[in-house]
Number of protein chains: 2
Amino acid sequence: MSSKDQTGEAAYKVLARELREAILQRRYVDGTRLPTEAELAAEHRVSRQTVRRAFHDLVAEGMVYRVPGRGTFAAPRDGQYLRQFGSIEDLMGLSLDTQLEVLRPLRRRVDVDAASRLRLDSDAVHTVVFRRTHDGEAFCHTAVHLHPAAAAVLADVPELTEKGAVSDATIIGLLDTRLSNPIAEAEQSITAAAAEKPLADALGCTIGDPLLRVDRIYLTTDQHPVELAINHFLPEQYSYRVKLRRSTH
Amino acid sequence: MSSKDQTGEAAYKVLARELREAILQRRYVDGTRLPTEAELAAEHRVSRQTVRRAFHDLVAEGMVYRVPGRGTFAAPRDGQYLRQFGSIEDLMGLSLDTQLEVLRPLRRRVDVDAASRLRLDSDAVHTVVFRRTHDGEAFCHTAVHLHPAAAAVLADVPELTEKGAVSDATIIGLLDTRLSNPIAEAEQSITAAAAEKPLADALGCTIGDPLLRVDRIYLTTDQHPVELAINHFLPEQYSYRVKLRRSTH
DNA sequence: CGTTATTTGTGCGTATGTATT
DNA sequence: AAATACATACGCACAAATAAC
C-alpha cells in the first residue's frame with residue numbers, strides 16, 4: 001500500500017505542498033532547522049528518496065536552502081529579503097484604488113492563440129477587454145481570455161457584460177469566490193511592445209509608443225489554466241520590481 | 001568509476017548542461033523529440049535515474065516539457081532567447097552561452113543619477129558599456145555603473161578596459177571572486193523604453209522601437225550597493241518570466 | 001475495439017561520498 | 001574521531017499515458 005497512490009497525487013508533491021504551507025505560515029522562521037530527511041520520512045511513512053524529491057522542488061522554487069551536514073532551512077523572505085515568487089495578493093491589491101472600465105464586454109470569440117495558451121480543445125474563448133484607471137488617468141489596457149468554465153460563472157456579472165461599465169473589481173477576485181477550485185498560482189511573462197491603434201486610443205498615448213506587456217496565466221489548485229490576461233502598461237506610470245537573492249548561503 | 005566522481009561535478013549536472021547547450025544551439029527545434037531516458041542512459045553510461053534528474057532540472061528551468069508516453073521536447077520559444085533570471089546564480093550562468101562585447105571601455109565618468117542610485121557621495125562613477133550576443137545575434141545593451149571600490153578591483157581586467165574586447169564574462173561573476181564581501185542580492189526594476197540612437201545602433205533595431213528596460217542594483221552581503229546595471233533587451237528575443245504563488249488562505 | 005510496445009511518472013531500497021558539528 | 005545530515009548514483013518494480021497495430 002505504501003508503495004502506490006491511486007488518487008494520482010504524488011506523495012512527494014503532497015509533502016512539498018505541506019512543507020510549503022508550513023513555511024508560508026511562518027513556522028521555521030529565524031534560523032530554525034526543518035526536520036531532517038530521516039525524520040520526515042518516518043513521520044510521513046515514505047522513503048527518504050521521496051522526501052528528497054519534495055525538497056528538491058522546494059529548493060528550485062527558492063522556498064528553502066540546504067547545507068550539507070547542517071540541515072534544511074526556510075529561505076528568509078521578510079524584511080530585507082523577498083523570495084523569487086511574487087504573490088498573487090499583490091495583484092489582487094491592484095484594485096484598491098483603481099477603476100475598471102469595460103471597452104468590449106464579455107463575449108465568446110474565436111482566438112486560436114489564446115485558446116492554445118489556455119490548453120483548450122476548441123478555438124473559442126470568452127474575452128473581455130477593459131482599461132484600468134487611477135485618478136481618472138488610464139494606465140493599463142487589458143484583454144482577458146477565459147476558459148469556458150470560468151466564463152460561465154461570470155456570465156451574469158453586469159460589471160463585465162455591459163460596455164462602458166465602471167467598477168473596482170478584478171477578474172481574479174470575481175473568479176476566486178465563484179470557482180470551486182480557487183486560484184493558486186500564475187505564470188507571468190513580461191516584455192515590451194509598441195502601442196497599436198486601439199491601445200493608443202484607450203491609453204491616450206501615441207501609436208508606436210513603448211508599452212510594458214505583462215501576460216499572466218492563472219492556474220487553479222489543480223493546475224488548470226482558467227484565465228489568460230494580456231496587460232499593456234504605460235511605462236511612465238508602472239514598473240515591475242522584484243528582489244533577487246542568492247540561493248545558497 | 002561509474003559510482004563516483006571525484007571532480008565534484010555531478011553526473012546529472014553535466015548531462016543537464018550538455019542538453020541545455022544543445023537546445024540553445026537549436027538542435028531539437030520544431031517538434032523533434034529528444035532522446036529517451038533509456039537512450040541517454042546508454043549513451044552516457046549512467047542510470048536512468050541520473051538522466052531523470054537532469055531532465056527534472058531542465059523542466060524546472062522551462063527548457064523542456066515532457067509528455068508521458070510520448071517523450072521529451074524542447075520548450076517552444078518563438079525565436080526568443082529565454083532563460084529564467086529568478087536568482088543571482090541565473091545571472092551568473094548567463095556567461096555560459098552568451099558573449100560580451102565592449103562598446104565603451106571601463107572609465108571614470110560623471111553621472112549624477114547613477115551615483116545617487118549607488119548612494120555615492122561624489123558624482124563620479126566608473127562606467128562600462130557593452131552588448132551581449134547569443135549565436136552572434138545582439139539581444140541586450142548594458143551600461144554598468146560601478147562603485148569606486150568595485151571599479152578598483154576590475155581596473156586590470158582587459159576584457160572590460162579595451163574597446164571591442166569580446167569575452168564570455170559577467171560583471172557580477174568577476175566582482176564576486178574579487179570583492180571581499182560577495183554579492184548577496186539584487187533589486188530589479190522592469191519597464192519599457194523607446195530605443196534611442198546609440199541603443200538602436202548597438203542592437204540593430206530602429207530608433208523608437210520598444211525595448212524592455214531592466215535596471216538592477218547589486219548589493220553585497222553587508223548591503224552596500226556596488227553595481228548598477230541598466231539593460232535594454234530586444235523584446236523579440238527576450239522576455240522575463242516569473243511564477244507567482246498565493247501565500248496562504 | 002482491445003492489445004501491445006514505448007516512454008515517462010512514482011516509489012522504494014541500497015551504497016557511498018562529503019560537509020558540518 | 002565520531003556522529004549527523006545532506007549529495008550523488010545505481011538498481012528495481014510498477015503505474016499511467018500514448019501510439020501503433
Side-chain angles (χ1 to χ4, degrees), chain A residues 1-19 28 31-75 119 121 222-224 247-249, chain B residues 1-19 23 28 31-75 89:
Chain A
M1 259 299 344
S2 60
S3 71
K4 61 211 64 170
D5 186 324
Q6 317 270 41
T7 71
E9 175 100 68
Y12 77 91
K13 287 185 179 173
V14 175
L15 178 56
R17 190 174 54 235
E18 191 171 311
L19 292 168
Y28 312 121
T32 324
R33 207 198 61 194
L34 270 71
T36 67
E37 295 179 353
E39 286 166 355
L40 286 170
E43 278 177 35
H44 293 261
R45 312 298 187 82
V46 295
S47 81
R48 191 184 149 220
Q49 305 310 318
T50 302
V51 177
R52 282 187 63 73
R53 304 244 296 269
F55 272 140
H56 194 279
D57 282 7
L58 294 176
V59 169
E61 293 169 13
M63 292 293 298
V64 304
Y65 66 93
R66 319 192 72 191
V67 183
R70 286 213 293 141
T72 304
F73 306 86
R119 296 186 219 150
D121 293 329
D222 50 353
Q223 301 288 301
H224 288 319
S247 53
T248 54
H249 281 256
Chain B
M1 274 256 2
S2 58
S3 70
K4 62 211 62 168
D5 187 325
Q6 315 272 41
T7 72
E9 177 99 69
Y12 78 93
K13 286 185 180 174
V14 174
L15 178 55
R17 188 173 55 237
E18 190 171 311
L19 291 168
I23 292 166
Y28 312 122
T32 325
R33 206 197 61 191
L34 271 70
T36 67
E37 296 179 353
E39 286 165 356
L40 286 170
E43 278 177 35
H44 290 78
R45 312 298 187 82
V46 295
S47 79
R48 188 185 153 216
Q49 306 311 317
T50 301
V51 177
R52 283 188 63 71
R53 283 203 280 180
F55 273 139
H56 191 279
D57 282 7
L58 294 176
V59 169
E61 291 170 21
M63 293 291 300
V64 303
Y65 67 94
R66 319 193 72 193
V67 183
R70 286 215 294 141
T72 305
F73 306 86
E89 275 73 19

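A, B, ... follow the sequence lines: proteins, then strands. Residue 1 opens every chain.
In this structure, of D/dA7, D/dA5, D/dA9, it is D/dA9 that holds the atom nearest to the side chain of B/Thr50. Looking at the side chain of B/Pro68, the nearest of the listed nucleotides D/dA7, C/dG9, C/dT7 is C/dG9. Residue B/Arg70 has its side chain nearest to D/dA19 when only C/dT10, D/dA19, C/dG11 are considered. Listed candidates were C/dT8, D/dT8, D/dC6. Nearest to the side chain of B/Ala10 is D/dT8. For B/Ser47, counting side-chain heavy atoms from C-beta on, the closest listed nucleotide (D/dG11, D/dC6, C/dG9) is D/dG11.
For the pair B/Asp57 CG and D/dT8 C1', the interatomic distance rounds to 13 Å; values are reported in whole Å. Atom-to-atom, CD of B/Glu37 to C1' of D/dA16 comes out at 14 Å; the value is rounded to the nearest Å. Here C/dT10 presents its C1' atom at 16 Å from NE2 of A/His56, a figure rounded to the nearest Å.
B/Arg66 contributes no side-chain N or O that forms a donor-acceptor pair with the base of D/dA17 under 3.5 Å. Taking 3.5 Å as the limit, the base of C/dG11 and the side chain of A/Arg52 contain no donor-acceptor pair of atoms between them. A donor and an acceptor atom sit less than 3.5 Å apart, one in the side chain of A/Gln49 and one in the base of C/dT14.
Across all strands, B/Phe55 comes closer than 4.0 Å to no nucleic acid atom at all (heavy-atom distances).
By the salt bridge (Lys or Arg N to Asp or Glu O under 4.0 Å) test, A/Arg48 pairs with A/Glu37, sequence neighbours left out.
The 5' end of DNA chain C is approached more closely, in terms of each residue's nearest nucleotide, by B/Glu39 than by the other of A/Arg53 and B/Glu39.
Of all heavy-atom pairs spanning B/Gly62 and B/Ala75, the tightest one is O-CB, 3.2 Å.
Within the structure, ring-ring contact (aromatic ring centres under 6.0 Å, His included) contacts touching residues 40-65 of chain B (residues at least two apart or in different chains) are A/His56-B/His56, B/Tyr65-B/Phe73.
Using N1 to N3 plus N6-O4 or O6-N4 for Watson-Crick, or N1-O2 and O6-N3 for G-U wobble, each under 3.5 Å, D/dA2 pairs with C/dT21.
Two residues are said to be in side-chain contact when any heavy atoms from C-beta on lie closer than 4.5 Å; A/Val64 and A/Leu19 fail this criterion.
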